[in-house]
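Before any comments, here is the structure.
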Amino acid sequence: MFRVSRVSFVAVLVSLGLSGGIASAGAQERTFEALALPTCTISDSSVPATSSGDRDCVLAIGNANEAVEVLQWSLRYCNSQDIAVDGIYGPNTESAVENVQRAAGIAVDGVYGPETRRNMLWIDYGECV
């Protein structure tokens, strides 16, 4: 198995421009896990998913697609977050995700992933479930 030291891992993230928000070892571990999952690109029954329908995917700063728009609709209308629904995962969407994570008592990193999905409400046929 290939092992990466904490210092070299951070160096790789910095060189790739992916180091935003890494402040602790715990945040590094979450970021590393998030990088191992595919990016959400579409919606699957009003929840972000991959093109194959897999809901175990991630969204973060810089993503811009249908999945981000679906996330923003649910953040705004079901999770009381005052954000625009523009399909762009920017600082306001990141902050809204952090608010949901904080309220749910889960790790706060601003990255949407499976744990965040399980801890927020979603629009389903016009209802928040």
Side-chain angles (χ1 to χ4, degrees):
M1 175 175 225
F2 183 77
R3 289 189 144 316
V4 179
S5 73
R6 177 180 169 161
V7 173
S8 61
F9 177 69
V10 172
V12 168
L13 289 178
V14 169
S15 70
L16 294 173
L18 299 172
S19 62
I22 297 176
S24 69
Q28 278 182 325
E29 291 165 13
R30 286 189 303 278
T31 301
F32 183 75
E33 290 171 351
L35 292 174
L37 293 173
T39 300
C40 308
T41 56
I42 64 167
S43 68
D44 176 28
S45 187
S46 300
V47 176
T50 64
S51 58
S52 65
D54 188 357
R55 292 179 175 188
D56 285 339
C57 53
V58 296
L59 290 167
I61 292 282
N63 291 131
N65 56 37
E66 175 187 332
V68 175
E69 188 173 346
V70 165
L71 172 64
Q72 290 170 330
W73 276 110
S74 287
L75 286 167
R76 181 175 178 87
Y77 294 104
C78 296
N79 295 276
S80 304
Q81 299 300 306
D82 186 21
I83 61 168
V85 178
D86 60 7
I88 300 168
Y89 202 117
N92 292 336
T93 302
E94 179 182 51
S95 180
V97 168
E98 288 172 346
N99 290 340
V100 168
Q101 292 168 333
R102 197 172 291 109
I106 60 176
V108 178
D109 61 5
V111 175
Y112 168 83
E115 188 172 10
T116 304
R117 182 190 75 239
R118 288 187 295 269
N119 284 281
M120 61 181 284
L121 295 173
W122 294 95
I123 297 174
D124 188 34
Y125 296 105
E127 299 289 325
C128 294
V129 293

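Just the heavy atoms: all of them, side chains too, but no hydrogens, waters or symmetry mates, feed the values below. Treat the numbers as computed from the prediction; the structure is a model and nothing was measured.
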Would V111 end up clustered with V97 when hydrophobic side chains under 4.5 Å apart are linked, directly or stepwise?
->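 No, separate clusters.
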Rounded distance (nearest 0.5 Å) linking atom [atom1] of [X] with atom [atom2] of [Y]:
X: D44; Y: S51; atom1: CG; atom2: OG; result: 11.0 Å
X: C128; Y: W122; atom1: SG; atom2: CH2; result: 11.0 Å
X: Y89; Y: I83; atom1: OH; atom2: CD1; result: 9.0 Å
X: T41; Y: E66; atom1: OG1; atom2: CD; result: 8.0 Å
X: N99; Y: E94; atom1: CG; atom2: CD; result: 11.0 Å

For a quick test of reading the model, state the closest non-hydrogen atom pair linking [X] to [Y] and the distance between them.
X: V100; Y: Q81; answer: CG2-CG, 4.4 Å
X: C57; Y: P48; answer: SG-O, 3.9 Å
X: V70; Y: S43; answer: CG2-CB, 3.2 Å
X: R117; Y: D56; answer: NH1-OD1, 3.2 Å
X: V58; Y: N63; answer: O-OD1, 4.4 Å

With no hydrogens and no angle check, is any side-chain donor or acceptor of [X] less than 3.5 Å from a backbone partner on [Y]?
X: N65; Y: C40; result: yes
X: N92; Y: S95; result: no
X: S46; Y: I123; result: yes

Heavy-atom check, side chain of [X] versus side chain of [Y], under 4.5 Å:
X: L121; Y: S74; answer: no
X: T50; Y: T39; answer: no
X: E69; Y: D86; answer: no

How about Q101 and N119: does a side-chain donor come under 3.5 Å of a side-chain acceptor?
->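 On atom types as modelled, these side chains do not qualify, holding no pair under 3.5 Å.
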Residues T93, Q72; criterion side chain to side chain donor-acceptor pair (under 3.5 Å); working and verdict | CA-CA 7 Å; T93 302; Q72 290 170 330; 2.9 Å; yes
